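Just so it is clear, the structure is predicted and the values come from calculations on it, not from any experiment.
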Amino acid sequence: MVEAPVQKPNHVQLDQNTLGTGQLRVFTPNGQSLSTLEAIQALVTMAQNTIIANTHAAITAAQADIQTYIKHELAALETRISAAEKRLERIPHQLCNARMPFNSPLQYPADVRVVSGMPIYKRDICNLLELDCIITADVLDLPPLPGEPTLAQRRAQIGEFLGVM
């Protein structure tokens with residue numbers, strides 16, 4: 001009777017011939033026996049390759065996260081810079097309006113087309129009706145006020161934009 005060859009496992013096991021010496025043997029799937037030093041080298045190489053692959057994947061993911069973060073921060077910065085530029089463009093008109101007497105004509109930015117209902121004189125801001133405030137805020141491209149703003153809040157927003165209040 002012929003026995004079928006037994007496949008040796010791919011792990012470290014004690015060789016029966018070397019039990020007394022305490023040597024370890026690693027058997028590959030095809031039954032080859034590796035020395036302890038070769039086995040350790042193979043394990044170290046495998047560990048190094050795994051570490052390198054995991055490190056590369058982590059670096060790649062971190063780079064993608066950093067790029068996304070930078071893109072978002074740049075977009076936010078561009079928005080803030082644009083808003084600051086708009087505020088800087090208004091300063092000359094605000095200063096002019098602030099220095100003028102109460103019954104002086106208002107100075108609007110060059111790109112603003114004055115329409116009916118908008119204040120013409122500095123004093124007109126105090127007498128604006130709610131609809132006039134809404135029209136003026138729309139023409140001046142002012143942000144909407146939160147909630148249900150009062151007439152005084154609407155007038156204050158317009159006055160602040162024009163440098164009157």
- Message: For a 4.5 angstrom cut-off between non-hydrogen side-chain atoms, does Tyr108 reach Leu140?
- Response: yes

- Should Val164 and Ile135 be regarded as members of a common hydrophobic cluster, given that ILVMFWY residues are connected when their side-chain heavy atoms come within less than 4.5 Å of each other, either directly or indirectly? yes

Just list the side-chain donor-acceptor pairs under 3.5 Å for residues 57-78, sequence neighbours left out, or say none.
residue : atom : partner : partner atom : Å
Thr60   : OG1  : His56   : O            : 2.9
Thr68   : OG1  : Ala64   : O            : 3.0

- Test item: Gln157 and Leu145 side chains (from C-beta on) under 4.5 Å apart, heavy atoms: yes

- Listed by chain and number, what are the side chain to side chain contact (heavy atoms under 4.5 Å, CB included) partners of Pro101, not counting sequence neighbours? Asn103, Ser104

- Item | Qualifying salt bridge (Lys or Arg N to Asp or Glu O under 4.0 Å) pairs with a residue from residues 41-58, counting only residues at least two apart or across chains | none

- Less than 4.5 Å apart, any side-chain heavy atom of Asn127 and any of Asp132? no

- Message: Measuring from atom CD1 of Ile158 to atom SG of Cys133, what distance do you get when rounded to the nearest 0.5 angstrom?
- Response: 4.0 Å

- Query: Can you list the other members of the hydrophobic cluster that holds Leu88, where links are side-chain heavy atoms under 4.5 angstrom apart?
  - Reply: Ile91, Leu95

- Task: Mind jotting down which residue pairs meet the salt bridge (Lys or Arg N to Asp or Glu O under 4.0 Å) criterion with at least one end in residues 154-165? Sequence neighbours excluded, please.
- Result: Glu130-Arg154

Only pairs under 3.5 Å count here: list side-chain donor-acceptor contacts from residues 45-53, not counting sequence neighbours, and write none if there are none.
residue : atom : partner : partner atom : Å
Thr45   : OG1  : Gln41   : O            : 2.8
Asn49   : ND2  : Thr45   : O            : 3.3
Thr50   : OG1  : Met46   : O            : 2.9

- Residue pairs passing the salt bridge (Lys or Arg N to Asp or Glu O under 4.0 Å) test where at least one lies in residues 137-153, sequence neighbours excluded: none

- Message: Is there a continuous path of hydrophobic side-chain contacts, each under 4.5 Å between heavy atoms, that joins Leu131 to Leu142?
- Response: yes

- Note on the structure: Separation between OG1 (Thr136) and CD1 (Ile125), nearest 0.5 Å, reads 8.5 Å

Scan the side chains in residues 115-123 for donor-acceptor partners under 3.5 Å anywhere in the protein, sequence neighbours excluded, and list what turns up.
residue : atom : partner : partner atom : Å
Lys122  : NZ   : Asn97   : O            : 2.8
Lys122  : NZ   : Ala98   : O            : 3.4
Lys122  : NZ   : Met100  : O            : 2.6

- Query: What pairs meet the salt bridge (Lys or Arg N to Asp or Glu O under 4.0 Å) rule with one or both residues in residues 82-98, with sequence neighbours excluded?
  - Reply: none

- In terms of hydrophobic clusters joined by side-chain contacts under 4.5 Å, are Ile134 and Leu128 together? no

